[in-house]
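Labels below follow one simple rule: chain letters A, B, ... track the order of the sequence lines, proteins then strands, and each chain is numbered from 1.
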Amino acid sequence: MDGKGADIKEFLEFVYSFYKSMNEHKVQLVYEGEITHQITKAFTSLTETNMQLDEESHSAQKKVFHVMVECLQNLGKHADSMDSSESVKDGRGVFILCKNDEEYSITTGNVLIKSKVPIIMEVLEKVNDLDKDGLKQLYKHQIKEGRLSNKGGAGLGFIDIAKKTGNKLHYNFITIDDEFSFFILTSTITRNNI
Amino acid sequence: MEVIKIVGTDDTPSVTMDVANEIFEISGRSLPEDVASFYEPILDWLERYSEEASGKTVFNFKLVYFNTASSKMLLDILLKLEEMYESGKEVLVRWHFPEDDEDMEEAGEEYADIVEVPFEQISYPMD
């Protein structure tokens with residue numbers, strides 16, 4: 001077998017192991033790339049259709065839709081790029097939707113300039129420390145005091161996800177190099193909760 | 001004043017601002033690609049309307065979904081209505097929510113807490 005044949009064989013094996021991993025983690029949807037408004041609309045509409053077919057509760061459907069929109073918009077607005085060339089745009093990342101018997105999980109992963117890590121970590125820690133009432137107060141404070149950023153964010157995304165799901169946010173920052181980290185955020189929506 | 005009539009899509013709400021027929025309503029879904037450019041014309045319109053409003057303004061929100069970026073713009077609309085109310089105009093906000101949607105009900109309660117304006121919560125049955 002020549003070199004190219006070996007590459008292809010390895011690739012085909014990768015496809016099979018990728019397929020198996022997706023099944024193991026009950027991945028419903030996975031994407032890597034630029035997150036545009038069109039992508040957000042397409043993914044949420046596809047997921048809505050699937051949830052309707054599954055006869056998922058209205059409450060879970062709404063929460064999944066909500067969290068997907070906030071997560072995808074976060075990626076689209078805040079993901080940084082390690083490549084400074086014009087051809088590589090910001091706003092790229094990984095999006096994964098999983099579903100098991102108990103819950104949906106929505107995960108995003110994106111490159112982030114390291115200096116932003118402490119700011120985001122502080123918000124996430126604060127949000128995870130609060131109970132339902134605390135989140136409500138923080139939401140009201142932020143919506144009053146916060147200004148819409150030039151990217152169109154209201155600084156409410158994490159607070160809102162925690163408030164709507166009633167679950168803690170899971171996150172990690174993995175160092176890529178001196179300049180960049182990889183930020184992973186997972187939100188879970190409990191099924192049949194109402 | 002000119003009438004604003006925007007037909008909703010799957011990511012932008014229906015909007016009607018019609019003084020002659022006394023209809024002030026935002027309904028449907030709100031997650032526009034650019035929230036500011038969607039809502040600014042409505043806020044500008046309200047600004048001009050607030051100066052000349054003579055009768056009672058009953059403003060209906062009947063949203064089924066809005067993202068956090070939209071929530072900020074909705075507050076700006078409510079703050080404009082609060083301003084009108086504080087300057088002596090008759091204003092009533094009616095917040096409609098699907099009867100099984102606690103989150104939308106709660107969103108209404110939160111807005112009612114933030115703005116000082118007569119505020120009614122109204123649930124409606126889902127089809």
Under 4.5 Å from a heavy atom of chain A, the part of Leu31(B) involved
both
Joint hydrophobic cluster, Leu53(A) plus Leu29(A), side-chain heavy atoms closer than 4.5 Å
no
Ionic contact status for Lys41(A) with Glu33(B), cut-off 4.0 Å:
no
With a sphere of 6.0 Å drawn around CD of Glu10(A), does it hold more than 12 non-hydrogen atoms of other residues, nucleotides or ligands?
no
Taking all non-hydrogen atoms of both residues, which atom of Ser71(B) and which atom of Ile143(A) are closest, and how far apart?
O-CD1, 3.5 Å
Residue pair Pro32(B) / Gln73(A): nearest heavy atoms and the distance that separates them
O-NE2, 4.5 Å
Enter the distance from Thr68(B):OG1 to Lys163(A):NZ here, rounded to the nearest 0.5 Å.
10.5 Å
Distance in Å, Asp100(B) CG paired with Ser57(A) OG, rounded so as to fall on 0.5 Å steps
9.5 Å
Any carboxylate oxygen within less than 4.0 angstrom of a Lys/Arg side-chain nitrogen, looking at Lys63(A) and Asp103(B)?
yes
Using a cut-off of 6.0 Å, state whether more than 12 heavy atoms not belonging to Glu145(A) lie near its atom CD.
yes
Determine whether more than 12 heavy atoms belonging to other residues, nucleotides or ligands lie under 6.0 Å from atom NZ of Lys140(A).
yes
Considering only NZ, NE, NH1 and NH2 on the basic side and carboxylate oxygens on the acidic side, decide whether Arg29(B) and Glu48(A) come within less than 4.0 Å.
yes
Quick check: are there more than 12 heavy atoms from other residues, nucleotides or ligands sitting under 6.0 Å from CD of Gln52(A)?
yes
Proximal component of Asp34(B), with respect to chain A [non-hydrogen, under 4.5 Å]
neither
Is Val19(B) reachable from Leu92(B) through a run of I, L, V, M, F, W or Y residues, each pair having side-chain heavy atoms under 4.5 Å apart?
no
Distance in Å, Ile114(B) CD1 paired with Lys144(A) NZ, rounded so as to fall on 0.5 Å steps:
6.0 Å
Taking atom NZ as the centre, does Lys5(B) end up with more than 12 heavy-atom neighbours from other residues, nucleotides or ligands that are less than 6.0 angstrom away?
no
Would Val15(B) and Leu43(B) show up in the same hydrophobic cluster when neighbours are defined by side-chain heavy atoms closer than 4.5 Å?
yes
So, taking the atom named OG1 in Thr44(A) and the one named CG in Asp10(B), what distance separates them when rounded to the nearest 0.5 Å?
8.0 Å
Work out which heavy atom in Glu106(B) is nearest to a heavy atom in Lys136(A); give both atom names and the distance.
CG-NZ, 3.7 Å
How about CD on Glu120(B), more than 12 heavy atoms from neighbouring residues, nucleotides or ligands closer than 6.0 Å, or not?
yes
Among side-chain atoms of His66(A) and Asn67(B), is any donor-acceptor pair under 3.5 angstrom?
no
